[in-house]
Amino acid sequence: MSDMQSPLNAVADLTPSSTKKFHVGVAGLSCECCTFSPLLSGERDFMVSAGAELAANYGFFADYLDVQFTALRRARALPGGPIEPGFYDGFKAQLLAELAANGPWDGIFLDMHGAANVYGRDDVEGDLLAAIRQVVGPACLISASYDLHGNVSQRVIDSLNLLTAYRTAPHLDWYETLARACALLVHCLRAGLRPTLAFRPVPILVPGEQSSTEFEPAASLYATLPQVIADYQLLDASILIGYVWADEPRATGSVVAVGLDAARTHAASDDLAQRFWAVREEFRFGVTAGPVDECIRLARQEPTHPVVISDSGDNPTAGGAGDIPFVLKRLLALGAESALVAGITDPAAVAVCEQAGVGAGVALSVGGKLDPIHGQPLPINATVVSLHTVPWPANARAGATVLPNHVAVVNVQGVAVVLTERRTPFHAMTDFTKLNLDPAQYKIVVVKMGYLVPEVAALARRALLALSPGAVNQDIEHLPYKRLRRPMFPMDRTPKGTG
Ligand SMILES: [Zn+2]
């Protein structure tokens, strides 16, 4: 262990030396966009927060008595397809106008994801951050919090002074990362520092399901970050796995080092890039993965229950539509009983169930409408078991507009199917229990998810990852890329160097 302290830790207890108030603007854009999905993300998908509602997301602002935070606006959506250009242009124009009207700014704090895409355009974050820089001027410090699935570009780096990304997937540290991005910004404002950002693309692009920090090699790779930060006396460092379902030239894994000594900071980024590159062959699924029928067969043989099957190709939290009924189709074809499918998005089918009422028999054509490229509707004859209206999104952050989500639970050949009006992940036990469902009672639970989030992982006696069809198909080596920078690992097995 090194005994060197990060400069940030060394000054964490500094109290403001004057009464001067730094003026910091708050904004953000967050939507992980799958360019293989035909389901565009627009106004109906985004939750836009502003003012006090937005500021309420960041409790750590209260720690900085010498900073006046002015919360402008943040747009945030569930992962999906590319953003409609009109929505992005409107959001950007409004944000830039607010920045111009409320300045001058000492700093800008940005709550980002990093893998947005606007239909027909490249490097959205690069575009937005360059525009923000132009308004706030070169002296203002801009700090961004990123998801480790963000695809960073040089243009992004050139517009920022600070960037820090999540260090866990599943993202247990999302709030801690936001707090760190803010702490870095305030530290640099107080001390009058302008750090160096060293960015290295690493030509590796693997799905999150192969790079969770819950297992190797990402667990050990990410565990080296504190040591690298200490050894090179950095302010911060990040490893970004990148987002694989983006057919854009910027899509890549990368590392970013932030430090005060330019040479040491660049050396640190080289070191981290080498560490990332060195483990490329070790990325693999953390659980048994296979074709849908094989997963159903294994689940039925398992002596314990429930077995959780991830319908990974249509995972809405990675950008899938969430309406492909393929796994349900195979469960029915194979005669699987005691199965729960949660869920399939289909507002029309939910409306039919509501019209018919609890206990009624209904003929439905389920799913396959939002993403007709990867799925097709499945005709079923079902019985309506229960009807519900639940808040959406279930995990709304402070200030977000919460909408009603109509839900129907139906039974078809002994399989319980949850039909939702809106695209709905099932990540918490309460997502099931508020529908009067106890997933532990079923032999098989199918969720539209990739790697299991903690509450669902705790439920699973065994977890299987189904390589199912959809916009976020895990067979990445055969995705129809046209614009990805090549060579890229593992699509091209023997790329040279680390970029
Ligand atoms: Zn992510």
Side-chain angles (χ1 to χ4, degrees), residues 28-37 41 45-47 57 74-83 110-117 124-125 144-153 156 163-178 180-181 202 204-215 218-219 221-222 225 238-246 248 250-256 276 283 285-286 310 312-320 322 393 395 397 423 425-428 447-457 465 470-474 476:
L29 172 68
S30 175
C31 181
E32 188 176 73
C33 298
C34 169
T35 65
F36 299 103
S37 171
S41 302
D45 303 296
F46 276 92
M47 290 148 278
N57 285 277
R74 182 198 67 190
R76 183 178 160 76
L78 190 69
I83 300 170
L110 297 175
D111 179 355
M112 305 294 287
H113 178 285
N117 175 277
V124 177
E125 284 84 1
S145 171
Y146 255 53
D147 187 306
L148 62 79
H149 297 120
N151 289 325
V152 181
S153 69
V156 164
L163 181 151
T164 191
Y166 299 159
R167 294 174 186 170
T168 62
H171 306 315
L172 306 176
D173 67 333
W174 64 270
Y175 187 76
E176 190 183 324
T177 306
L178 287 165
R180 192 167 61 243
V202 181
I204 299 174
L205 210 44
V206 292
E209 285 60 40
Q210 296 187 11
S211 52
S212 162
T213 56
E214 303 270 305
F215 52 83
L221 181 64
Y222 277 82
L225 276 172
S238 297
I239 299 166
L240 294 105
I241 294 296
Y243 181 64
V244 71
W245 295 285
E248 275 197 64
R250 75 168 184 181
T252 180
S254 65
V255 302
V256 178
F276 190 174
F283 289 108
F285 295 116
S310 299
S312 65
D314 190 34
N315 169 16
T317 53
N395 62 346
R397 288 196 196 169
R423 295 170 66 232
F426 285 76
H427 279 196
V447 286
K448 288 189 180 290
M449 198 180 294
Y451 51 70
L452 297 185
V453 296
E455 287 195 27
V456 178
L465 188 125
V472 291
N473 183 342
Q474 295 281 340
I476 57 159

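Computed from heavy atoms alone, side chains included, the values below leave out hydrogens, waters and symmetry copies. Just so you know, ligand 1 is whichever comes first in the structure, and atom 1 is the first atom listed for that ligand.
Taking a cut-off of 2.8 Å, the protein N, O or S atoms nearer than that to the Zn ion (ligand 1) are D147 OD1, D147 OD2, H149 ND1, H171 NE2.
Applying the side chain to side chain donor-acceptor pair (under 3.5 Å) criterion to N151, with sequence neighbours excluded, gives no partner residue. The ring pair (Phe, Tyr, Trp, His ring centres under 6.0 Å) search around Y166 returns H171, not counting sequence neighbours. Checked against side chain to side chain donor-acceptor pair (under 3.5 Å), R167 has the following partners two or more places apart in sequence or in another chain: D236.
Separation of atoms NZ (K448) and OG1 (T317) is listed at 11.5 Å; rounding is to 0.5 Å. The structure places CD of E125 at 8.5 Å from NE2 of H113, a figure rounded to the nearest 0.5 Å.
In terms of modelled atom types and a separation under 3.5 Å, the side chain of W174 and the main chain of D147 share no donor-acceptor contact.
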